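Contents: one structure, followed by commentary.
Since this is a predicted model, take the numbers as computed values, not measurements. Letters A, B, ... are given to chains in the order of the sequence lines, protein chains preceding strands, and every chain is numbered from 1.
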Amino acid sequence: TQLLEQSPQFLSIQEGENLTVYCNSSSVFSSLQWYRQEPGEGPVLLVTVVTGGEVKKLKRLTFQFGDARKDSSLHITAAQPGDTGLYLCAGARNTGGFKTIFGAGTRLFVKA
Amino acid sequence: SAVISQKPSRDICQRGTSLTIQCQVDSQVTMMFWYRQQPGQSLTLIATANQGSEATYESGFVIDKFPISRPNLTFSTLTVSNMSPEDSSIYLCSVDSRGLDNEQFFGPGTRLTVL
């Protein structure tokens, strides 16, 4: 069962366009992470959101955690070719020990 | 953060053989994790490796197929046993950040191809 639904699965856009990636669940998470993975490398942590309604900005990237802590979004403004990669959301739940669940990922390709 | 290295970075193996993947961390960590990432897909947790005790395996993964060692707080190995083409995948180790937010740091991965 995929507890974290991530959309879209694939996105190909022109440089300069904006985009939003969504991560949704019916479960409540104690925290949620966003990672970016480039070919041949492991995922690299971008941000962690913890508080419902929290918004964090990392240059052109804006991350939001839903009020109920069940969903999150990643918005990229004026995408650049360097943003190309696989974006993964990951939610942590305390089920007697913390377990992290990864979304299916969004593969982004930004064309110059 | 933690710096994590994995060896080998990639390998091509014959079916029926076994491959051991090493994961080295530059600092002592309590928990190390092994993930599988099949082509074009997300990460699936194989097991959690704890120092001084047996690894904890996720549903669908068993010790006979994926034996894990954790001899100290900076090192772990994952063996992929009796390989078949279905085992072709990227295998990643990760460690937790020791913080409260369950952040993980990942190694670069081992790309395994089974012929």
**Heavy-atom contact with chain B under 4.5 Å, split by part of A:Gln9** = neither
**Asked** So which pairs with a foot in residues 69-82 of chain A pass salt bridge (Lys or Arg N to Asp or Glu O under 4.0 Å), sequence neighbours left out?
**Response** none
**Prompt:** Can you check whether A:Glu41 reaches B:Leu92 side chain to side chain, under 4.5 Å on heavy atoms?
**Reply:** no
**Request:** Using the side chain to side chain contact (heavy atoms under 4.5 Å, CB included) rule, take A:Leu86 and B:Gln37 through it: C-alpha gap first, then chi angles, then the decisive distance, then the call.
**Result:** CA-CA 12 Å; A:Leu86 178 68; B:Gln37 185 176 29; 3.6 Å; yes
**Message:** Whether the side chain of B:Ser42 engages the backbone of A:Gly103 through a donor-acceptor N/O pair (distance < 3.5 Å, no angle test) should be reported.
**Reply:** yes
**Asked** Does B:Phe33 share a hydrophobic cluster with B:Phe75, counting links as ILVMFWY side-chain heavy atoms below 4.5 Å and allowing steps through other members?
**Response** no
**Message:** According to ring pair (Phe, Tyr, Trp, His ring centres under 6.0 Å), who are the partners of A:Tyr35, at least two apart in sequence or on a separate chain?
**Reply:** A:Phe102, B:Phe106
**Request:** Kindly work out whether a path of hydrophobic side-chain contacts (I/L/V/M/F/W/Y, heavy atoms less than 4.5 Å apart) joins B:Leu43 to B:Tyr91.
**Result:** no
**Fill in**
For B:Gln104 and A:Leu45 the tightest heavy-atom approach is O-CB, 4.4 Å
**Item:** Joint cluster assignment, A:Tyr87 & A:Leu11, ILVMFWY side-chain distance < 4.5 Å
**Value:** yes
**Item:** Nearest-0.5 Å distance, CD1 of residue A:Ile101 to OG1 of residue B:Thr44
**Value:** 11.5 Å
